[in-house]
Amino acid sequence: MQEMEKIAKRGFDIVSSMLALLVLSPVMLAIAIMIKVEDRGPVLYAQTRVGKDFVPFRLLKFRTMVVGASEIGPAITVEGDARVTRIGKVLRKYKLDELPQLINVLKGDMSIVGPRPEDPRYVRVFNDDYEVILRVRPGITDYATLEYRNEESVLAGYDDPERAYTEVILPRKIELSKRYIAEQSFFRDIVIILKTILMIVSG
């Protein structure tokens with residue numbers, strides 16, 4: 001991607017994330033209230049992810065699991081996980097738990113479109129691949145988001161979800177991330193955004 005295209009992409013990220021946060025603020029407030037009412041735990045959940053040039057950052061999500069979920073179960077979540085709250089199931093289905101990442105976009109940690117940010121432990125395993133992928137900012141949506149819209153259902157079909165993610169799903173996500181980097185353009189970003197919106201609306 002040429003330097004002017006990078007500047008334009010960042011400008012688009014800033015404007016679109018600001019507008020989205022403004023328009024969606026009533027929805028986000030309602031979600032925050034419902035999460036708080038359900039179990040009085042924190043509204044947001046922050047996870048360490050590896051960003052552009054291997055700089056770590058705190059990825060924000062609406063909390064969809066019980067407080068302390070990471071201490072009472074595996075890191076990988078599969079369909080039917082008892083740790084997911086009632087409101088969390090709805091948020092996950094419609095990807096609404098990802099809305100706080102608009103703040104990450106505004107801060108410059110992420111882009112609207114780009115390879116999904118990964119956990120440091122997986123980046124270490126596939127370090128050579130991420131040398132290529134992390135030349136760009138990670139994003140809220142990308143090819144992998146569209147292909148693995150039902151990732152939790154797919155993982156539920158394996159006896160060892162953690163191993164399946166590492167050996168089957170993540171290598172495919174890496175392949176899709178490299179494809180995005182090779183093909184990226186403003187037009188392609190718009191197409192991915194529109195496809196993501198259609199995916200969410202269709203449920």
Side-chain angles (χ1 to χ4, degrees), residues 1-21 46-61 75-77 92 95 97-152 154-155 162-200 202:
M1 181 177 282
Q2 299 299 318
E3 194 60 35
M4 286 304 296
E5 290 179 309
K6 291 179 181 179
I7 294 172
K9 181 178 176 67
R10 180 60 189 147
F12 175 80
D13 285 341
I14 292 171
V15 173
S16 57
S17 60
M18 287 180 65
L19 288 174
L21 284 167
Q47 301 171 307
T48 299
R49 291 291 183 267
V50 184
K52 185 177 183 293
D53 299 324
F54 288 87
V55 176
F57 70 98
R58 298 291 279 172
L59 177 141
L60 301 174
K61 287 187 175 186
I76 294 291
T77 307
R92 283 171 175 256
K95 307 297 182 183
D97 58 320
E98 311 280 355
L99 288 179
Q101 286 163 45
L102 291 167
I103 298 171
N104 287 120
V105 174
L106 193 57
K107 288 172 59 182
D109 299 325
M110 296 175 65
S111 182
I112 297 294
V113 182
R116 284 296 295 166
E118 196 50 81
D119 188 294
R121 59 186 174 144
Y122 296 124
V123 172
R124 286 192 291 269
V125 174
F126 295 94
N127 189 78
D128 290 347
D129 294 300
Y130 280 99
E131 288 280 359
V132 176
I133 294 169
L134 292 177
R135 293 174 187 169
V136 302
R137 285 187 179 89
I140 294 178
T141 186
D142 67 342
Y143 290 138
T145 302
L146 298 172
E147 182 163 319
Y148 287 103
R149 60 173 298 178
N150 297 315
E151 182 178 311
E152 292 182 7
V154 174
L155 287 170
E162 176 81 30
R163 183 175 180 180
Y165 184 77
T166 305
E167 297 182 359
V168 180
I169 292 180
L170 188 51
R172 175 57 178 163
K173 285 186 173 183
I174 288 172
E175 180 184 334
L176 291 169
S177 293
K178 289 182 176 180
R179 174 187 160 195
Y180 169 75
I181 291 170
E183 299 177 351
Q184 67 177 318
S185 68
F186 181 74
F187 174 76
R188 197 167 298 277
D189 281 2
I190 296 299
V191 171
I192 291 173
I193 290 170
L194 292 175
K195 286 185 176 180
T196 301
I197 293 171
L198 287 173
M199 176 190 76
I200 293 171
S202 65

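Worth saying up front: this structure is predicted, and the values here are computed from it rather than measured.
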Legend entry - Test salt bridge (Lys or Arg N to Asp or Glu O under 4.0 Å) applied to E98 - qualifying residues, sequence neighbours left out: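 Per chain and number, E98 pairs via salt bridge (Lys or Arg N to Asp or Glu O under 4.0 Å) with K61, R116.
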Legend entry - Residues which pass salt bridge (Lys or Arg N to Asp or Glu O under 4.0 Å) with R179, listed by chain and number, not counting sequence neighbours: E183
Are side-chain heavy atoms of [X] and [Y] found at a separation under 4.5 Å?
X	Y	result
M199	T141	no
Q184	E5	no
V154	E151	no
D189	I112	no

Output a table of donor-acceptor pairs, distance under 3.5 Å, between side-chain atoms of residues 48-57 and any protein atom two or more places apart or on a different chain; print 'none' if there are none.
{"unit_1": "T48", "atom_1": "OG1", "unit_2": "R58", "atom_2": "NH1", "d": "2.7"}
{"unit_1": "R49", "atom_1": "NH2", "unit_2": "Q47", "atom_2": "OE1", "d": "3.3"}

Inset, instruction - Any chance you could lay out the side chain to side chain contact (heavy atoms under 4.5 Å, CB included) test for L176 and Y180, step after step, and finish with the verdict? - result: CA-CA 6 Å; L176 291 169; Y180 169 75; over 6 Å; no
First locate atom [atom1] of [X], then atom [atom2] of [Y], and finally report the distance between them rounded to the nearest 0.5 Å.
X	Y	atom1	atom2	result
D142	R188	CG	CZ	13.0 Å
D97	K95	CG	NZ	7.5 Å
M110	L59	CE	CG	5.5 Å

Inset, instruction - Considering non-hydrogen atoms only, spot the tightest contact between Y143 and I192 and give its length. - result: CE2-CD1, 3.8 Å
Inset, instruction - Taking side chain to side chain contact (heavy atoms under 4.5 Å, CB included) as the test, write out the residues that go with S17, two or more places apart. - result: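 S17: side chain to side chain contact (heavy atoms under 4.5 Å, CB included) contacts with L102, V105, L106.
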Inset, instruction - Report the residues that fulfil side chain to side chain donor-acceptor pair (under 3.5 Å) with S111, sequence neighbours left out, ordered by chain and then residue number. - result: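 Side chain to side chain donor-acceptor pair (under 3.5 Å) list for S111, sorted by chain: K9, D13.
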Inset, instruction - Taking N104 for its side chain and L60 for its backbone only, find out whether a donor-acceptor pair lies under 3.5 Å. - result: yes
Inset, instruction - Go through I103 and L21 one step at a time and tell me if the side chain to side chain contact (heavy atoms under 4.5 Å, CB included) criterion holds. - result: CA-CA 8 Å; I103 298 171; L21 284 167; 4.2 Å; yes
Inset, instruction - Tell me, yes or no, whether the heavy-atom count around R163 atom CZ, taken from other residues, nucleotides or ligands under 6.0 Å, exceeds 12. - result: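 Not more than 12 within 6.0 Å, no.
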Under 3.5 Å, which donor-acceptor pairs do the side chains of residues 118-129 form with other protein atoms, sequence neighbours left out?
{"unit_1": "E118", "atom_1": "OE1", "unit_2": "Y165", "atom_2": "OH", "d": "2.7"}
{"unit_1": "D119", "atom_1": "OD1", "unit_2": "R121", "atom_2": "N", "d": "2.9"}
{"unit_1": "R121", "atom_1": "NH1", "unit_2": "E162", "atom_2": "OE2", "d": "3.4"}
{"unit_1": "Y122", "atom_1": "OH", "unit_2": "E162", "atom_2": "OE2", "d": "2.6"}
{"unit_1": "D129", "atom_1": "OD1", "unit_2": "K178", "atom_2": "NZ", "d": "2.6"}

